[in-house]
Amino acid sequence: MYRGIMCILPDHEILSCIQNGILNISDFYDGSLTPNGYDLRIAEISIPDSELKASEGKVRIPPKTMFYVSTIENVELPNYISAQLWLRTSWIRKGILAGLGKVDAGFKGTLTFMGYNTSNNEIELSISDRFVQIVFETLHSPALISYEKRSGNYQGQRGITLSPVLDKVQR
């Protein structure tokens, strides 16, 4: 699969990578595949400074409130594929902003995102809602040291994870 040119993987290449064991998305759902990515679904929702942590049903996010979500899908990337994360525009249009980042080559685990309801209204989130699109991209060349070996602080995380999974940095 590796071509030596950085590019975004289209739908058919994502499927090919999964079928060939190059890329893994657990609990893959056909309805989440997009022309150039995959929509990750909500497994868990938590609102800091409250007792709320839900893994089923619906959650109402109060106005001007920060929250966290984790993904249903466990993602496993090889050392030559990284990913960008983008909040789905349907949530942006409702007033949600999210803290997103890059998924490093070699990462394995579920993903945790911070969201913020900027609106003056409650916004309802449901478990299994499509929340963030992950866009896979091949690196120009394989990473010399993958995420797992460089830091791996969140390697293998499950559920909403706010602190590093590992006590020691692996190098």
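In this chain, residues are counted from 1 in sequence order. As a basis for the values below, the full set of heavy atoms in this structure was taken, side chains included, without hydrogen atoms, waters or symmetry mates.
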- Task: Nearest 0.5 Å please: distance from the CG atom of L33 over to the CG atom of D11.
- Result: 5.5 Å
- Message: Could you work out, with salt bridge (charged side-chain N to carboxylate O under 4.0 Å, His left out) as the rule, every residue matching E122, not counting sequence neighbours?
- Response: R60
- Query: For the side chain to side chain contact (heavy atoms under 4.5 Å, CB included) test, which of V69, T110, V75 pairs with L40?
  - Reply: V75
- Might you point out which heavy atoms bring E73 and S26 nearest each other, and give the distance in Å? CG-O, 3.3 Å
- Distance (rounded to the nearest 0.5 Å) between I42 CD1 and R130 CZ: 11.5 Å
- Item | Any D49 side-chain heavy atom under 4.5 Å of M66 side chain | no
- Message: Ring centres under 6.0 Å, that's the criterion: do F28 and Y38 meet it?
- Response: yes
- Which atom pair, heavy atoms only, marks the closest approach of P48 to Y68? CG-CE1, 3.4 Å
- Task: For the residue pair V132 and D39, establish whether any side-chain heavy-atom pair is separated by less than 4.5 Å.
- Result: no
- Looking only at atom types and distance, does a side-chain atom of T34 sit under 3.5 Å from a main-chain N or O of G37, one as donor and one as acceptor? yes
- Message: What's the separation between atom CD1 in I47 and atom NZ in K53, rounded to the nearest 0.5 Å?
- Response: 13.0 Å
- Task: Looking only at non-hydrogen atoms, find the nearest pair between L139 and A105 and report the distance.
- Result: CD1-CB, 3.9 Å
- Output yes when a side-chain donor or acceptor of N117 lies under 3.5 Å from a complementary backbone atom of T65, and no otherwise. no
- Task: Give a yes or no on whether I72 and F136 share a hydrophobic cluster (residues Ile, Leu, Val, Met, Phe, Trp, Tyr; joining criterion: side-chain heavy atoms under 4.5 Å apart).
- Result: no
- Would you check if L77 and L23 make a side-chain contact, meaning some heavy-atom pair closer than 4.5 Å? yes
- Donor-acceptor contact present, side-chain W86 to main-chain L100, <3.5 Å: no
- Query: Does a side-chain heavy-atom distance below 4.5 Å link I45 with I127?
  - Reply: yes
- Nearest-0.5 Å distance that lies between atom CG in L97 and atom CD1 in I92: 7.5 Å
- What class does the angle between the rings of F67 and F131 fall in, given that below 30° is parallel, 30 to 60° is tilted and above 60° is perpendicular? perpendicular
- How about D129 and R88: do any of their side-chain heavy atoms sit closer than 4.5 Å? no
- Query: Would you find a donor on one side and an acceptor on the other, under 3.5 Å apart, between the side chain of Y116 and the backbone of A98?
  - Reply: no
- Message: Check whether K58 reaches the backbone of L125 with its side chain - one donor and one acceptor, N or O, closer than 3.5 Å.
- Response: no
- For E137 and S82, test the side chains for any donor-to-acceptor distance below 3.5 angstrom and give the result as yes or no. yes
- Message: Any side-chain to backbone donor/acceptor pair from T112 onto S70? Under 3.5 Å, distance only.
- Response: no
- Taking every heavy atom of S119 against every heavy atom of P63, the minimum-distance pair comes out as O-CB, 3.3 Å
- Message: Using side-chain contact (heavy atoms from CB on, under 4.5 Å), reason through N74 and D27 one step at a time and then give a plain yes or no.
- Response: CA-CA 8 Å; N74 182 67; D27 298 300; over 6 Å; no
- Message: I need the I123 CD1 to I96 CD1 distance, nearest 0.5 Å.
- Response: 4.0 Å
- Query: Atom CG of N24 and atom NZ of K108: how far apart are they, to the nearest 0.5 Å?
  - Reply: 9.5 Å
